[in-house]
Amino acid sequence: MLELSFIQENKEKVLKGLETRCYPAETSQIIDQILELNEQRKSLQSFLDVKRGEINTLSGQIGGLFKSGKQEEANALKEEVGKVKEEIGGKEGQLTDTENQLTQLLYKIPNVPNEVVVKGKSDEDNEIHIPYDGPLPELGDDAKPHWELAKQYNLFDLELGVKITGAGFPLYRGKGAKLERALINYFLDEADKRGYEEIVPPLLVNEASGIGTGSLPDKEGQMYYMEKDDLYLIPTAEVPLTNIYRGDIINEADLPIKLTGYTPCFRREAGSYGAHVRGLNRVHQFNKVEIVRFEKPENSYAALEEMLQHVTDLLTALGLPFRVLRLCGGDLTFASALTYDFEVYSAAQKRWLEVSSVSNFETFQSNRMKTRYKDSDKKKQLVHTLNGSALALARIVACIIENNQTSAGIKIPEVLQAYTKFEMID
RNA sequence: GGAGGAGUGGCAGAGCUGGUUUAAUGCACUAGUCUUGAAAACUAGCGUGCGGCAACGUACCGGGGGUUCGAAUCCCUCCUCCUCCGCCA
C-alpha cells in the first residue's frame, strides 16, 4: 500500500496514477476520505496520549501513597482517575475503528504507476517496448497446435488431469515430463549464474503473507483457499519468497538480496473459459521459476533492466521469437509501478503468448510488509521489491513444441539437450 | 493424537507473590579516548510504531480479550516452540 505521508504530500500524483489506471472517478474520493480519517486518527491519538499520561501519573502517585499508608488520599486520587476515564469515554474504541477503516481504505488504492506508463484500459493499450525484429516463423499449413502434438508424441494429457483432478490440471508424461524438468533446471541454473539464491518455499501461505505482496485482499478470487486451515495455495513463488523479509530491517550491506525459486503455481482463473484457453495456454496449475529482488530505491530501476536482460537471454537461448511490452495503466497489477511482459510467438496458433512478467513494486509491497533497511545516515527506509518470471513453463513448452515441429519430430533447443539427454521428440 | 514445559529488545537472560522496570545485566553493534596499527581497557550511544520543529509524550514483553487506580507480572482464549509417549514417509 501507499505510505500515508506520500499520499499527503503527493495527492496530485496519486490521483493522476488512478487516472492512468483508468480507475473509476469515485476512487479519488477515497483519497480524501483517507486524508480526513488520518486527521481524525491524529487528534484522537494526541488526546488519548495526554489522558493516558494523566492516568499513568496518578497511578504512580497512588502506588506511593499506598506504600506510605495514606489510604484516604489514595482513594481520592482513584476518583480522579475515574474522572479521566470518563473523559476518555469511547475514544479508544473510536481510535481503533478509525485505524481499521484507514487501513481498509489504503488497501483499495493501487500503486502509483511510474511516469513512463501510459494511460490505458486493457492489454490492447499496452506499448511495444522491444519489438520482435525478425520475420515471424512460418510452419506451413500442416503445423499442429501443441495440444495435438502432445497427443501425437504422448507429452502431456489434459483428459487424465480432468480424471484425476479437473479441468486445467495437466499431467505431463514421458518426454513431456522430462522437458518440463529440463526447463526448470535450466532456468534455475541460469538464475544461479546471475547470483540468485535458490529457495524451496512452502506452497501454502497464511493471510499475512498474502497481504504482504498484495495478493490479498483477493478481489478477483484468484487464489485457492483452504478454509479449514486458513491457508492459501500460492499463485506464484513471489508470495513466499518476498515474505521471507516481512517485518525485517535489512542490513544495508546485505542489499541487494536476490532470490530464485521453482514452484508450481495455482490459479483459479475464475470465469476465464472460452476461446484462446486451449491446451497449456491457460491452466490452473503450472510450473514457474521466479526471481525476486530487494533493492535500495536508487538501484531498483537498474535492477529491473538487469531482469529484462536476464529474461531476454533465456528466450534468445531457447530460440523463441519474442517481444517485450510495457503495460499500460489499466493492465498493471495492483501493486506494480512498472511492468514489462514478454510474449512469445506461437507459430502454430499464430498469436503471441505471455510467458513472463517483470515488475518493480517500489515501496508498495515493502510498506505493507514493513521491510526496511538502515541507510548510511542510519535512517530507516523502505526497500524496493521486484520480481519476474524467469520463466513460466507451460506456455514456453507450448511454444517450443509448436515452433520446433518438423516432419521428423520436435527438435529440442540446444541449450536444453544437456538437461533432457535427448535431442528430438519423435 | 496424549501428557508436561516455555514464549521478554540483534542474541543470551533477569523480572513473573501486580506499583522507582521510563524492561536489569551480559554479549554483539556504533562512535570516541588510548595505540605506529590492532586487540584490550575506558567513555558514550544503542528496539519499533504513532504524535510533536523539538523537549517530550504514548503504545508495544507471541496474538487477541479481560480484571485493576495501575499488568511483562493475575484470569480467559488462540498461535508457536521444546520435552516425553504414540503414530508415520
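So you know, we letter chains A, B, ... as the sequences are listed, proteins then strands, and number each from 1.
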Aromatic plane relationship, [Y] with [X] - under 30° parallel, 30 to 60° tilted, over 60° perpendicular:
{"X": "A/H284", "Y": "A/F169", "value": "tilted"}
{"X": "A/H310", "Y": "A/Y196", "value": "tilted"}
{"X": "A/H146", "Y": "A/F156", "value": "tilted"}
{"X": "A/F266", "Y": "A/Y224", "value": "perpendicular"}

- Base, sugar-phosphate, or nothing: which does A/K83 touch, judged by heavy atoms less than 4.0 Å apart?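 The answer is nothing, as A/K83 stays clear of every strand by at least 4.0 Å.
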
Distances under 3.5 Å between nitrogen or oxygen atoms of protein and nucleotides 73-79 of chain B:
none

- Taking atom NZ of A/K51 as the centre, report whether more than 12 heavy atoms of other residues, nucleotides or ligands fall under 6.0 Å from it.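 Buried by this count: over 12 neighbours within 6.0 Å.
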
Atom-pair distance ([atom1] on [X]; [atom2] on [N]), nearest Å:
{"X": "A/L95", "N": "B/G51", "atom1": "CG", "atom2": "C1'", "value": "11 Å"}
{"X": "A/N367", "N": "B/C50", "atom1": "CG", "atom2": "P", "value": "10 Å"}
{"X": "A/L102", "N": "B/G51", "atom1": "CG", "atom2": "C1'", "value": "14 Å"}
{"X": "A/K91", "N": "B/G51", "atom1": "NZ", "atom2": "C1'", "value": "17 Å"}
{"X": "A/I249", "N": "B/G10", "atom1": "CD1", "atom2": "C1'", "value": "10 Å"}
{"X": "A/K370", "N": "B/C50", "atom1": "NZ", "atom2": "C1'", "value": "12 Å"}
{"X": "A/Q45", "N": "B/C60", "atom1": "CD", "atom2": "P", "value": "12 Å"}

- Separation between the P atoms of B/A72 and B/G66, rounded to whole Å: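 Looking at atom P only, B/A72 and B/G66 are 15 Å apart.
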
- Query: Which whole number of Å gives the distance between the P atom of B/U67 and that of B/C75?
  - Reply: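 Straight-line distance between the two P atoms is 15 Å.
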
- Query: Among the nucleotides B/G51, B/U48, B/U58, which one has an atom lying closest to any side-chain atom of A/K42?
  - Reply: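 Of the options given, the side chain of A/K42 lies nearest B/G51.
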
- Item | Which nucleotide in B/G51, B/U58, B/U48 has an atom nearest any side-chain atom of A/R41 |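 Looking only at heavy atoms from C-beta outward on A/R41, the closest nucleotide is B/G51.
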
- Message: Is a donor from one side chain sitting under 3.5 angstrom from an acceptor on the other, for A/D248 and A/T371?
- Response: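 Not at all, the side chains of A/D248 and A/T371 share no donor-acceptor pair under 3.5 Å.
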
- Scan side-chain atoms only and decide if A/Q101 and A/D97 contain a donor-acceptor pair under the 3.5 Å cut-off.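 Side-chain D/A pair, A/Q101 to A/D97: absent.
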
Please list, pair by pair, any protein nitrogen or oxygen found under 3.5 Å from a nitrogen or oxygen in nucleotides 69-72 of chain B.
unit_1 : atom_1 : unit_2 : atom_2 : d
B/C69  : O2'    : A/S59  : OG     : 3.1
B/G70  : OP1    : A/K85  : NZ     : 2.6
B/G70  : O4'    : A/S59  : OG     : 3.1

- Message: I want to check a possible cation-pi pair here: A/K380 against A/Y373, using under 6.0 Å from ring centre and within 45° of the ring axis as the test.
- Response: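 Pair A/K380/A/Y373 does not count as cation-pi.
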
- Item | OP1 or OP2 of B/G49 under 4.0 Å from side-chain N/O of A/K380 |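 For A/K380, the contact criterion (side-chain N or O under 4.0 Å from OP1 or OP2 of B/G49) is met.
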
- Task: Would you please name every residue forming a side chain to side chain donor-acceptor pair (under 3.5 Å) with A/N387, sequence neighbours left out?
- Result: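 A/N387 satisfies side chain to side chain donor-acceptor pair (under 3.5 Å) with A/E238 only.
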
